[in-house]
Colleague: 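I'd like to ask you about the structure that follows.
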Number of protein chains: 2
Amino acid sequence: MNTFSEENYLKAIFRLSQMPDNKKISTSAIAEALGNNPASVVDMIRKLTDKQLIEYDKKKGVKLTPQGQKDAIQIVRKHRLWEVFLLEKLEYRWDEIHDIAEELEHIKYHDLADRLEKFLGFPEYDPHGDPIPKANGKMAKSFSASLADGKVGGSYRVAAVRDTSSEFLKYLHKLQINIGTQIKIIEQIAFDHSLIISIDNGEATTVSSKFGENILIS
Amino acid sequence: MNTFSEENYLKAIFRLSQMPDNKKISTSAIAEALGNNPASVVDMIRKLTDKQLIEYDKKKGVKLTPQGQKDAIQIVRKHRLWEVFLLEKLEYRWDEIHDIAEELEHIKYHDLADRLEKFLGFPEYDPHGDPIPKANGKMAKSFSASLADGKVGGSYRVAAVRDTSSEFLKYLHKLQINIGTQIKIIEQIAFDHSLIISIDNGEATTVSSKFGENILIS
DNA sequence: TTATAAAATTAGGTTTGCCTAATTTTATAA
DNA sequence: TTATAAAATTAGGCAAACCTAATTTTATAA
Ligand SMILES: [Mn+2]
Ligand SMILES: [Mn+2]
Ligand SMILES: [Mn+2]
Ligand SMILES: [Mn+2]
């Protein structure tokens with residue numbers, strides 16, 4: 001069984017390995033992701049390598065072994081299921097659930113994820129639009145096209161958010177954007193790629209390119 | 001904020017202070033309750049004393065301060081609410097829920113216990129018959145009379161169990177005894193205080209005095 | 001190619017929460 | 001009262017998971 005900390009490392013490595021950019025997973029990238037010092041990451045890389053959960057090659061960076069991948073997916077599964085619980089059953093807000101799930105995901109008990117999944121009615125996606133892995137580890141592909149990739153004049157459904165920070169989610173809340181919201185791109189500013197959009201056919205609003213990159217569409 | 005370990009100590013001290021026997025709470029009693037070494041308990045007594053959560057007097061033993069009491073009750077509250085969730089919503093068995101709640105009780109987030117309580121419909125008792133503290137810290141008195149205190153010929157309702165170990169609960173399950181079950185004392189054996197009982201008017205069964213002491217009646 | 005910057009690693013520390021073994025204090029019983 | 005047993009404490013250590021500071025390796029740019 002893995003410790004809380006080991007699980008957080010596995011999850012971070014998994015998340016990095018899912019990135020579309022396909023960059024190698026470096027010591028510093030992991031440190032950055034977890035807010036830890038690179039020296040600490042070196043310690044943990046050694047530990048997880050010994051446990052055969054990752055492989056490390058200074059050229060290719062860190063890679064999850066099949067077992068590491070399996071373990072990581074089970075944590076992601078629990079994280080996302082708990083998020084659904086917190087939003088739907090306990091009525092927490094969109095921007096609050098992530099932090100709580102960050103702790104709940106580490107609770108280990110036979111069948112816990114499966115029972116939770118059943119209780120929640122086998123949800124396919126978590127409240128941020130991320131797919132929930134099944135018990136067998138299979139999971140739907142994440143949404144990858146962002147609003148920033150959309151065409152001017154096009155109208156898109158918000159399928160997921162890339163950034164799940166509470167700052168971003170609070171901003172979305174303020175703009176009344178949720179999963180399922182329809183966004184039309186009215187104009188793109190050539191200068192800095194800002195977008196002028198209409199939210200659910202409302203009045204024109206301007207958002208940054210960074211904003212657009214963090215909205216995933218279907 | 002208190003660590004997991006500090007919380008477990010506070011809870012153990014609280015539990016010991018609730019005992020009807022009114023014995024002083026000694027280093028060794030705490031060690032016993034937590035399965036730790038007395039030397040470790042001495043360390044933690046120092047730490048909790050520094051944090052002003054307990055007071056220690058070698059004569060009178062350990063006592064929770066008002067703040068320590070408050071903190072302990074909030075953990076008990078979460079523990080018991082999570083137990084209700086696990087039994088009622090996730091359909092875990094009586095004997096499985098305690099261990100999971102032992103971990104869930106440490107999850108900290110604004111309002112978590114209150115929201116859980118609301119979601120569960122403000123339950124008064126946990127699945128073992130223990131009263132659930134309210135948000136303000138108030139809680140009903142625990143049941144204290146045991147079946148062993150009952151009269152021959154008397155019929156009693158099982159209100160709670162004193163021992164919540166999975167061994168005891170599995171035994172109860174086998175005997176088909178639950179909270180609410182009616183037990184009639186047919187005879188008490190003078191030799192060792194064994195009890196001959198009838199469960200929900202079923203056929204006579206013999207149980208030990210230790211068994212009788214761990215069934216609380218209302 | 002060489003200087004510089006960035007990334008990775010090593011060396012050595014800290015805190016938390018445990019432990020064992022030895023010692024001291026306190027209780028109990030002859 | 002004194003011997004013995006039990007309880008509490010001290011001393012010293014260990015593993016986990018971090019850290020800072022120093023050093024080494026690798027990448028990049030002039
Ligand atoms: Mn986590
Ligand atoms: Mn999520
Ligand atoms: Mn606990
Ligand atoms: Mn209980």
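All chains are named by letter (A, B, ...) in the order of the sequence lines, taking the proteins before the strands, and each is independently numbered beginning at 1.
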Colleague: For A:I25 and C:dA7, give me the distance from atom CD1 to atom C1', rounded to whole Å.
Modeller: 16 Å
Colleague: Could you tell me how far apart B:M1 (CE) and C:dT16 (P) are, to the nearest whole angstrom?
Modeller: 15 Å
Colleague: Within less than 4.0 Å of OP1 or OP2 of D:dA17, is there a side-chain N or O belonging to A:T3?
Modeller: yes
Colleague: Look at the side-chain N and O atoms of A:Y9 and state whether any lies under 4.0 Å from the OP1 or OP2 oxygen of D:dA16.
Modeller: no
Colleague: May I ask you to verify if any side-chain N or O of A:S40 is less than 4.0 angstrom from the OP1 or OP2 atom of D:dA17?
Modeller: no
Colleague: In whole angstroms, how far is the P atom of C:dG17 from the NE2 atom of B:H106?
Modeller: 12 Å
Colleague: Charged N to carboxylate O under 4.0 angstrom, A:K51 versus A:E6?
Modeller: yes
Colleague: Quick test of your reading of the model: are A:E117 and A:R77 salt-bridged, counting only N-O distances below 4.0 Å?
Modeller: yes
Colleague: To the nearest Å, give me how far apart CG (A:D43) and P (D:dC18) are.
Modeller: 9 Å
Colleague: Need to verify one output field. Residue with the more 5' nearest nucleotide on DNA chain D, A:K58 or A:P38?
Modeller: A:P38
Colleague: Would you please confirm or rule out a distance under 4.0 Å between OP1 or OP2 of C:dT20 and any side-chain N or O of B:N37?
Modeller: yes
Colleague: Taking NZ, NE, NH1 and NH2 as the nitrogens, is one of them in A:D114 or A:K134 under 4.0 Å from a carboxylate oxygen of the other?
Modeller: no
Colleague: Between A:S5 and D:dC18, is there a contact of a side-chain N or O with OP1 or OP2 at under 4.0 Å?
Modeller: yes
Colleague: On DNA chain C, does the nearest nucleotide to B:G35 precede the nearest nucleotide to A:Y56 from the 5' side, or the other way round? Give the residue.
Modeller: A:Y56
Colleague: Atom CE of B:M44 and atom P of C:dC19: how far apart are they, to the nearest Å?
Modeller: 11 Å
Colleague: Carefully, step by step, assess B:F14 and B:Y9 under the rule ring pair (Phe, Tyr, Trp, His ring centres under 6.0 Å).
Modeller: CA-CA 8 Å; B:F14 177 75; B:Y9 274 87; over 10 Å; no
Colleague: What would the secondary structure line of DNA chain C be in dot-bracket form, counting Watson-Crick and G-U wobble pairs under 3.5 Å, with [ ] for pairs that cross earlier ones and | for pairs with another strand?
Modeller: ||||||||||||||||||||||||||||||
Colleague: Establish, with yes or no, whether the OP1 or OP2 oxygen of D:dA17 is under 4.0 angstrom from a side-chain nitrogen or oxygen of A:R46.
Modeller: no
Colleague: Which whole-number value in Å describes the distance from B:F4 CZ to D:dA17 C1'?
Modeller: 15 Å
Colleague: If you check the A:A39 side chain, which of D:dC19, C:dA8, D:dA11 turns out closest?
Modeller: D:dC19
Colleague: So, is the end of the B:K89 side chain (NZ or CZ) under 6.0 Å from the ring centre of A:F85 and within 45° of the ring's axis?
Modeller: no
Colleague: Looking at D:dA8, I'd like to know if its phosphate oxygens (OP1 or OP2) sit under 4.0 Å from a side-chain N or O belonging to B:S28.
Modeller: yes
Colleague: In this structure, how many angstroms lie between the C1' atom of D:dA17 and the CD atom of A:E7, rounded?
Modeller: 15 Å
Colleague: Looking at B:D95 and B:R93, is there a salt bridge between them, counting it only when a charged N and a carboxylate O are closer than 4.0 Å?
Modeller: yes
Colleague: Any side-chain N or O of A:T27 under 4.0 Å from OP1/OP2 of C:dA7?
Modeller: no
Colleague: Answer yes when B:K108 and A:D99 have at least one side-chain N-carboxylate O distance shorter than 4.0 Å, and no when they do not.
Modeller: no
Colleague: DNA chain C: B:K47 or B:K59, which has the more 5' nearest nucleotide?
Modeller: B:K47
Colleague: First locate atom NE2 of A:H110, then atom CD1 of B:I100, and finally report the distance between them rounded to the nearest 0.5 Å.
Modeller: 10.0 Å
Colleague: So, does the side chain of A:N36 form a donor-acceptor pair with the base of D:dC19 at under 3.5 Å?
Modeller: no
